[in-house]
Colleague: 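I'd like to ask you about the structure that follows.
The analysis underlying the following values was restricted to heavy atoms, covering all of them including side chains, and did not include hydrogens, waters or symmetry mates.
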Amino acid sequence: QVQLVESGGGLVQAGGSLTLSCAASGFTFSSFDMGWFRQAPGKEREFVARIRGSDGVYWTNYADSVKGRFTISRNNAKNMVYLQMNSLDPEDTAVYYCNAKLARWGERDAYWGQGTQVTVSS
């Protein structure tokens with residue numbers, strides 16, 4: 001059974017930092033692209049970051065809105081993916097979702113977690 005369980009969300013002041021974690025199980029973690037998406041109230045879910053790779057060689061991609069502030073990483077030995085978020089802005093307030101997919105899948109076929117709330121106060 002596939003499971004993606006996010007943690008680490010919370011309330012933080014603007015300019016602060018948070019690290020989100022996602023624990024994965026039920027699939028061959030190292031073979032999957034892992035990503036983070038977010039959905040703010042009244043808005044559609046949007047891409048945040050993605051990471052692919054293993055054995056110390058990784059490819060990452062970020063949304064323009066988070067480049068230079070957020071860092072995605074993964075630990076294939078622990079089946080974990082992380083999102084380090086720095087210089088947080090109230091515009092980053094959203095539910096953050098962990099996402100797992102094979103490279104050839106569309107997002108519609110991906111596995112999703114239940115989400116963790118991040119609230120950035122001004």
Colleague: Just verifying a value: how many Å separate F27 CZ and Q3 CD, rounded to the nearest 0.5 Å?
Modeller: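 Separation between the atoms: 10.5 Å.
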Colleague: Applying a strict under-4.5 Å side-chain criterion to I, L, V, M, F, W and Y, I'd like to know whether I72 and V5 cluster together.
Modeller: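 They do not share one cluster, since no chain of ILVMFWY contacts under 4.5 Å joins I72 to V5.
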Colleague: Can you see which heavy atom on S87 is nearest to which on S17, and at what distance?
Modeller: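 So the minimum-distance heavy-atom pair works out to N-OG, 4.4 Å.
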Colleague: Do you know the tightest heavy-atom contact between Y97 and E6?
Modeller: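 That would be CA-OE2, 3.4 Å.
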Colleague: Atom CG of N86 and atom OG1 of T71: how far apart are they, to the nearest 0.5 Å?
Modeller: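 Answer for the CG-OG1 pair, N86 versus T71, is 6.5 Å.
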Colleague: Would S21 and M80 count as a side chain to side chain contact (heavy atoms under 4.5 Å, CB included) here? Give the steps.
Modeller: CA-CA 7 Å; S21 300; M80 296 288 296; 3.8 Å; yes
Colleague: Which residue, L11, V120, L88, forms the side chain to side chain contact (heavy atoms under 4.5 Å, CB included) with L18?
Modeller: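 The passing option is L88.
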Colleague: Testing the basics here: between A24 and L4, what is the closest heavy-atom pair and its distance to 0.1 Å?
Modeller: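 Residues A24 and L4, closest heavy atoms: CB-CD2, 3.6 Å.
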Colleague: Can you list every disulfide bond (SG atoms under 2.5 Å apart) pair that touches residues 14-122, not counting sequence neighbours?
Modeller: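 The answer is C22-C98.
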Colleague: Can you tell me how far the CG atom of L83 sits from the OG atom of S73, to the nearest 0.5 Å?
Modeller: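 If I round to the nearest 0.5 Å, the distance is 8.5 Å.
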Colleague: Count the heavy atoms belonging to other residues, nucleotides or ligands that lie under 6.0 Å from CG of D55, then report whether that count exceeds 12.
Modeller: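 Count not over threshold, so no.
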Colleague: Taking side chain to side chain donor-acceptor pair (under 3.5 Å) as the cut-off, I'd like each qualifying pair that reaches into residues 110-122, sequence neighbours left out, listed once.
Modeller: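 Applying side chain to side chain donor-acceptor pair (under 3.5 Å) to every pair that reaches into residues 110-122, excluding sequence neighbours, yields Q117-T119.
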Colleague: Check step by step if side chain to side chain contact (heavy atoms under 4.5 Å, CB included) holds for F47 and E107.
Modeller: CA-CA 10 Å; F47 167 76; E107 297 300 345; 5.6 Å; no
Colleague: For N75, is there any backbone N or O sitting under 3.5 Å from a side-chain donor or acceptor partner on Y82?
Modeller: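 Side chain of Y82 to backbone of N75: no pair is present.
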Colleague: Linking I/L/V/M/F/W/Y whenever their side-chain heavy atoms sit closer than 4.5 Å, directly or via other members, would M34 and W36 fall into one cluster?
Modeller: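 M34 and W36: one cluster.
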Colleague: Which atom names give the shortest non-hydrogen contact between K43 and Q39, and what distance separates them?
Modeller: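 What the structure gives for the nearest pair is O-NE2, 3.1 Å.
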Colleague: Quick one: does D92's side chain get under 4.5 Å of R38's, heavy atoms only?
Modeller: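 The answer is yes, as the side chains (C-beta and beyond) meet within the 4.5 Å cut-off.
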Colleague: Is there a path of hydrophobic side-chain contacts, each under 4.5 Å between heavy atoms, that joins V118 and V66?
Modeller: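 Same hydrophobic cluster.
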Colleague: Within the side chain of N76, is there an N or O that forms a donor-acceptor pair under 3.5 Å with the backbone of G53?
Modeller: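 Answer holds: yes.
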Colleague: Answer yes or no on whether R74 is positioned over the face of Y58, meaning its NZ or CZ is under 6.0 Å from the six-membered ring centre and within 45° of the axis.
Modeller: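 Judged by the rule, R74 and Y58 form no cation-pi pair.
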Colleague: Quick one: CD1 on I51 to CG on D33, what's the gap to the nearest 0.5 Å?
Modeller: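 Rounded to the nearest 0.5 Å, the CD1-CG separation comes to 9.5 Å.
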Colleague: State plainly whether the residues R69 and D89 are in salt-bridge range, i.e. N to O under 4.0 Å.
Modeller: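 No.
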Colleague: Quick one: are L20 and M85 in side-chain contact, heavy atoms under 4.5 Å?
Modeller: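 Yes; the side chains approach each other to less than 4.5 Å.
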Colleague: Using 0.5 Å steps for rounding, measure from the OG1 atom of T60 to the CZ atom of R50.
Modeller: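 Here the rounded value is 12.0 Å.
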